[in-house]
Amino acid sequence: MLRLNDIVERVQAARPGGDIELIHKAYVFTAKVHHGQLRQSGEPYLIHPLNVAFILAEWNLDEETVATGLLHDTVEDTVATVDEIRDLFGDTVAQMVDGVSKISRVVISDVADQKAESLRKMILAMGKDLRVVLVKLADRLHNMRTIGHLARDKQVAVARETQEIYNPIASRLGMSRVKMELEDRCFEVLHPEDYRELVRLADERKRDRESHVRSVVELLEKKLSESGVEATVKGRSKHIAGVFQKMARQGIDFDHVYDFIAFRIIAKSVRECYEALGIVHSLWKPVPGRFKDYVAMPKANLYQSLHTTVFGPNAELMEIQIRTEEMHALAEYGVAAHWKYKEGRPVVGKGDQMFLWLRQILELQQDMKDPREFLNTVKVELFPEEVYVFTPRGDVKELPQGATTIDFAYAVHTEVGNHCVGAKVNGKMVPLKTALKNGDVVEIVTHPAHRPSKDWLKVAKTSRALNKIRAFVRQEQQERSLALGRQILERELRKYSLSLNKVLKTKEFEETLQESRLKSADDYCVSLGYGKMSLLPLLRRLIPPEQLQEKVKDSRLGALIRRVTAKKPSAVIVKGMDDIFIRLGNCCHPVPGDPIVGFITRGRGVTIHAKDCPKALENDPARAIEVAWEAGTKAAHPVKLKVVCADKPGLLADISRTITASDVDIRRAVVLTTRDKRAICNFEVSVNDAQHLATLIKSVEKLKNVFSVERGKG
């Protein structure tokens, strides 16, 4: 069992003369407040914070961070408070503990919203002190190491969250060792049979290849030494999840993963790295197109290394990475090693390129009220594949793969994006939807009178561009609705010989505002223009009943209301409205149990979207209206399912049988095969609710040679 002394010894080895008393004090406090608590395994809860602190010590982090590792669950899971932590351990530790703690004590009805809001809190805390996310990663790493004690459905949920959020964060922070372990552990949970089979095959090949690896290492060491290059050479196996991803991506089996063993040369200087590269290429012929120089052009997370693939002994493909010792430390531990080299810099600096993505998230979140929208933004920003493009002046802009010229325009400046009318890529005019490639030189053409179009939301890929376009479109829609609302109000009041300006100053109008929970006349007119507000409550206060009834009877507005209203689907309830026309969005096909949101559309009633539907995020939030699924709904709902699997005989029949065995009807099925021996199966099925769909997805995922199952869009 891990002991406190193990942690202290590790900290002292990395930081002689450190404040060990702080760690002792944190241990005593943690042991006291967690006393009597047990983990799912039945072990004392104290084992978890001890392991988190030890992981942080292994990463050579300072005493405050290690103490935070010991204390990280005290505020969330015990009676301890942030103020108590601050009094005992100081402001810095208290801020970090608060940043790591989930907001479980804040009442948020939707679990997904609560997770998204917790992530927002962690990201904001990262902006003040990056060590917060290191503690969170250590926490998640130990939880994944001990995940076997949880129920199966909980294991899957935690693994998926880790895969979507924490793996990319580790990648963005350059912590490849942590990322690879998290990926392997997620893979073990989500694909247990494939994991066990690959481990068995990898162990067999490793035993068979030991002599091959030894001979390659000895040959490289000899040639490097003869050339006067001081370096160490190591051979390593690819991690299991990485092998699986390559097999799925290329549609190959394990026997065709030729570069399963990779070699690494650690040199003393950058000059010697390039000398080592020359020696490697003199020994073996390089594979065209497989050389990458991340030393001259580092990745966004500061990763630097020379990558080359060669035809090694017996013409087998062999990957070789060449880097310095400092580059190696940064590649393995990323920001944690960065911390060691850049001692005492807890705040994100403006000039620190390693954290450019974090600064962008911090800027964007200020305009976001919806936690789901923020979660989607983070996922986009953490997407690990990047392209590097240039401005005409030679400045490098890093964008996610698939980014367009519109994304580039907004990366340069918001005003450049807002007034963009065209783009030149490598000197040629191209459409704004053109996807950019590595090395493209992009020039944006602007016009002061031009404005963003809502259609751009279908083209843009980066969260920065999407949020800037949404903000502009929303503002424009709000201005139009304000003008329309004033026009409607003025026209209706004129029928009763009332002045708009006088009515706005009456106590009746003030009472209507209070009843509607609106702050101003402009807010009232905007709601009226959107179609969210009825004039009747105000008119009833201002007009005698007999006069009002007579006017309403003759009003064309009544005819319009009768035309657009109809019996609503029994599945959905709209708060505050009866007999309004409702339709389910064709883009997301929400089913009972999905978190949903409704949007008012003039002349078409209310459209229901899933909360995380991209179309919902494109809508103006001012049009949103509260909706809910009616209890006890059992009607069948259409939903699309996308299954990616190996192109093997009989597999489609197995998938179809599994679907029908789950008491699900298949309405339609379309199967496409790819050149890399994969099959993409698109099904349209009927399910009762979200739980029914989740059970179906789990059943299909268990089938051998099924790579992924996801709910289809559109």
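In this structure, Thr414 OG1 and Lys468 NZ are separated by 4.0 Å, a value rounded to the nearest 0.5 Å. The distance from atom NZ of Lys437 to atom CG of Asp440, rounded to the nearest 0.5 Å, is 5.0 Å. In this structure, the separation between CG on Leu500 and SG on Cys525 is 6.5 Å, given to the nearest 0.5 Å. If you take SG on Cys273 and CD on Gln321, they are separated by 12.0 Å, rounding to the nearest 0.5 Å. Here the OG1 atom belonging to Thr446 is positioned 9.5 Å from the CD atom belonging to Glu443, to the nearest 0.5 angstrom. The NE2 atom of His413 sits 10.0 Å away from atom CG of Asn418, with the distance rounded to the nearest 0.5 Å.
Side-chain N or O atoms of Lys461 include one that pairs as donor or acceptor with a backbone N or O of Val459 at under 3.5 Å. Remark: side-chain polar atoms of Ser453 are paired, donor with acceptor, to backbone N or O of Asp455 under 3.5 angstrom. In terms of modelled atom types and a separation under 3.5 Å, the side chain of Asp293 and the main chain of Val295 share a donor-acceptor contact. Of the possible donor and acceptor atoms, one in the side chain of Thr405 sits under 3.5 Å from a partner among the backbone N and O of Leu432. Looking at Asp407, its side chain does come within 3.5 Å of a backbone N or O of Thr462 through a donor-acceptor pair. A donor-acceptor contact shorter than 3.5 Å is absent between the side chain of Asn167 and the backbone of Lys179. The backbone N or O of Arg464 sits nowhere less than 3.5 Å from a side-chain atom of Asn467 that would complete a donor-acceptor pair. A donor-acceptor pair under 3.5 Å is absent between the side-chain atoms of Thr434 and the main chain of Val430, judged by distance alone.
With Ile169 as the partner, the side-chain contact (heavy atoms from CB on, under 4.5 Å) test is satisfied by one option alone out of Leu182, Leu137, Thr162, Val178: Leu137.
Ion pair Arg711/Asp594 flagged as a salt bridge, since at least one NZ, NE, NH1 or NH2 atom sits closer than 4.0 Å to an Asp/Glu carboxylate oxygen. By the 4.0 Å N-to-carboxylate-O rule, Glu476 lies too far from Arg451 to be salt-bridged with it.
The shortest distance between side-chain heavy atoms of Leu538 and Leu489 falls below 4.5 Å. Counting heavy atoms from C-beta on, the side chains of Gln95 and Val132 never come closer than 4.5 Å. Between Cys587 and His609 there is a side-chain heavy-atom pair separated by less than 4.5 Å. Contact annotation: the side chain of Asn682 never approaches that of Lys640 to less than 4.5 Å [non-hydrogen atoms, C-beta and beyond]. Contact annotation: the side chain of Ser708 never approaches that of Val643 to less than 4.5 Å [non-hydrogen atoms, C-beta and beyond]. Looking only at side-chain heavy atoms (C-beta outward), Lys292 and Met297 stay at 4.5 Å or farther from each other. The side-chain heavy atoms of Val442 and Phe390, taken from C-beta on, include no pair separated by under 4.5 Å. Side-chain atoms of Pro452 and Tyr410, non-hydrogen and from C-beta on, do get closer than 4.5 Å to each other.
Residues Leu518 and Ser527 share a closest heavy-atom pair of CD2-OG, 4.0 Å. Nearest heavy-atom pair, Gln163 versus Cys186, reported as atom, atom and distance to 0.1 Å: N-SG, 4.0 Å. Shortest non-hydrogen contact noted between Leu504 and Arg486 is CD1-NH1, 4.4 Å. The minimum heavy-atom distance linking Val526 with Ser481 is given by the pair O-CB, 3.9 Å. Taking every heavy atom of both residues into account, Ala460 and Ile469 meet most closely at CB-CD1, 4.0 Å. For the pair Gly598 and Val627, the tightest heavy-atom approach, listed with the atom from each and the gap, is N-CG2, 3.4 Å.
The six-membered or imidazole ring of His307 lies near that of Tyr294, with a centre-to-centre distance under 6.0 Å.
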For Glu510 and Lys505: C-alpha separation, side-chain torsions, deciding distance, then whether salt bridge (Lys or Arg N to Asp or Glu O under 4.0 Å) applies. CA-CA 8 Å; Glu510 190 62 37; Lys505 296 174 183 176; over 6 Å; no
Report the C-alpha separation of Thr309 and Phe291 in whole Å, then their side-chain angles, then the decisive distance to 0.1 Å, and conclude whether the side chain to side chain contact (heavy atoms under 4.5 Å, CB included) test is met. CA-CA 7 Å; Thr309 302; Phe291 169 66; over 6 Å; no
Side chain to side chain contact (heavy atoms under 4.5 Å, CB included) assessment of Ile680 paired with Lys642: CA-CA 7 Å; Ile680 300 172; Lys642 180 180 176 183; 3.8 Å; yes
Run the side chain to side chain contact (heavy atoms under 4.5 Å, CB included) check on Thr512 and Tyr524 step by step: do they pass? CA-CA 9 Å; Thr512 304; Tyr524 182 85; 3.9 Å; yes
Val100 vs Val133, side chain to side chain contact (heavy atoms under 4.5 Å, CB included): CA-CA, chis, key distance, verdict: CA-CA 7 Å; Val100 175; Val133 79; over 6 Å; no
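Ring pair His450/Trp456 is parallel by interplanar angle, where below 30° counts as parallel and above 60° as perpendicular.
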